[in-house]
Amino acid sequence: MTTSRPPRLADWLLRRLASGPKKPSLIGDLHEQFRGGRSAAWYWRQTFRVIGGSAAWDIRRHPVLAVRTLALTYLFLAPWVYFTGNIYAFTKWWMVDHVLRRSIVLHDLWVLDQIPLLTAWCFGWALTGWVLAKLQPDCRAGMALVAVSAQVPWAVLYGAPIWRLANAGLPFFSSFPVVTGVVFVMIGLPASLVVGSLLAEPQLSARVPD
Amino acid sequence: MAKDALGSFELQVLLAVMRLGDDAYGVPIADTIEEASRREVAAGSIYITLERLEGKGFVTSRLGESTPERGGRAKTYFRVTGNGVRAVRQAQRTLTRLWSGVPALHGGTA
C-alpha cells in the first residue's frame with residue numbers, strides 16, 4: 001500500500017545526501033514514481049542506492065576535494081582532542097575532590113568511563129561534520145564518507161589493544177570503561193560526524209516552485 | 001576502457017533515450033530499461049550514467065516542466081547527440097560481430 005507522500009525521513013536524507021547538478025530532477029523522478037504506485041520499501045531502496053552512488057561519485061569526481069576533506073578533518077579534530085583531553089585532565093581531580101565525592105556512580109562515570117570527555121569528542125565530531133557539509137554542500141555524502149574513513153586508523157589504534165585485553169581474559173567489570181570507550185570511538189564518533197553533516201541545511205538550487 | 005567506448009549500462013541508457021525521443025527523462029528511461037531487463041533499476045545509476053554520457057558528449061540535457069506530483073521539481077530531458085548515435089552503432093557492430101562468432105548462441109534460447 002502506498003500513501004501520496006514519500007517517507008519523510010528518506011526524503012530528508014535524499015535532500016541532504018544526494019549529489020550532482022540534476023539532484024532536484026532525480027528527487028522529482030522518485031516522487032513521481034512513488035505517486036505512480038511504487039511502495040515505501042522501493043523508495044527506501046532507491047534512497048540508499050542514490051546515497052551510496054552519490055558518495056562514490058563525489059569521491060571519484062572530486063579527488064582533490066576528498067584529500068582536502070581528509071586534511072580538514074584532522075585539522076579540526078586533532079586540536080579538539082588535545083584541548084578537551086587537557087581540560088578533562090586538569091579538572092578531573094578537582095571534580096573528584098569537590099563535586100563527585102558523594103556519588104560513586106557519578107565518580108565512575110566521570111573518572112573511569114570518561115563520559116564528559118567522550119561527550120565532548122562527540123560534539124567536536126558533530127561540529128566537524130557540520131562544517132564540512134557547509135564547506136561542500138553539493139557532495140556531502142562522499143565527503144562524509146571520507147571524513148568517517150579518517151576515523152579508521154584511530155579506531156584500530158584504540159580498538160586493537162582492547163581486543164588483546166579482552167582475549168587475555170580481563171574480568172568484564174574492570175574492562176567495562178574501556179569497552180564504553182571503544183563503542184564511543186568506533187560507533188559514537190563516526191555517527192556524530194554523520195549526524196553533524198546531516199544537520200547542515202541542504203541547497204536545492206534548481207527547484208522550481210509549484 | 002577507451003574514453004568513447006560504451007559500457008553495458010551506458011548502452012542500455014542510450015538506447016532507452018533514443019527510443020523515447022523527445023519524452024526522455026528519468027522516469028520513462030527507468031521504465032524502459034526495467035521493462036527490457038526485467039530488473040529494478042536504481043534511479044541514481046541512471047543519472048550518474050547520463051552525467052557520464054553528457055561528459056563524453058553523447059547526450060545533451062535541458063530542464064523541462066515541473067508537476068505537482070514531482071513536488072514542484074523540474075524534469076531534465078535528454079537527447080542523444082550525433083556522437084552518441086555513432087557510439088551506439090559502433091557498439092552494435094562490435095557486438096554483432098562477436099555474437100556471430102559464437103555457434104552456441106545461434107537459434108538457442110539459453
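Here is the naming used below: chain letters follow the sequence lines, and residue numbers restart at 1 for every chain. Quantities reported herein were computed from a predicted structural model and do not represent experimental measurements.
A salt bridge does not link B/R73 with A/D11: every distance from a Lys NZ or Arg NE/NH1/NH2 to an Asp or Glu carboxylate oxygen is 4.0 Å or more.
Contact of B/S45 with chain A is not made at all, since no heavy-atom distance falls under 4.5 Å. The parts of A/L26 that come within reach of chain B are both its backbone and its side chain, each placing non-hydrogen atoms under 4.5 angstrom from that chain. Proximity to chain A involves both the backbone and the side chain of B/E40, based on heavy atoms less than 4.5 angstrom apart.
Distance alone, capped at 3.5 Å, places no donor-acceptor pair between the B/R70 side chain and the A/E32 backbone. In this structure, A/Q46 contributes its side chain and B/A43 its backbone to a donor-acceptor pair below 3.5 Å.
If you take CZ on A/R49 and CD1 on B/I48, they are separated by 11.0 Å, rounding to the nearest 0.5 Å. If you take NZ on A/K22 and CD on B/E51, they are separated by 4.5 Å, rounding to the nearest 0.5 Å. Of the inter-residue distances, the one linking A/S25 atom OG with B/L50 atom CG reads 11.0 Å to the nearest 0.5 angstrom.
Shown here is A/W42, whose CH2 atom has more than 12 heavy atoms of other residues, nucleotides or ligands within 6.0 Å. Atom CZ of B/R79 sits in a sparse spot, with 12 or fewer heavy atoms from other residues, nucleotides or ligands closer than 6.0 Å. Within a 6.0 Å radius of CZ in B/R93, more than 12 heavy atoms belonging to other residues, nucleotides or ligands are found. Taking a 6.0 Å sphere around CD of B/E35, one finds it holds 12 or fewer heavy atoms contributed by other residues, nucleotides or ligands. Other residues, nucleotides and ligands contribute more than 12 heavy atoms inside 6.0 Å of the CH2 atom of A/W57.
Chain B is approached within less than 4.5 Å, heavy atom to heavy atom, by no residue from residues 70-81 of chain A.
A heavy-atom distance below 4.5 Å is not found between the side chains of B/Y47 and A/V50.
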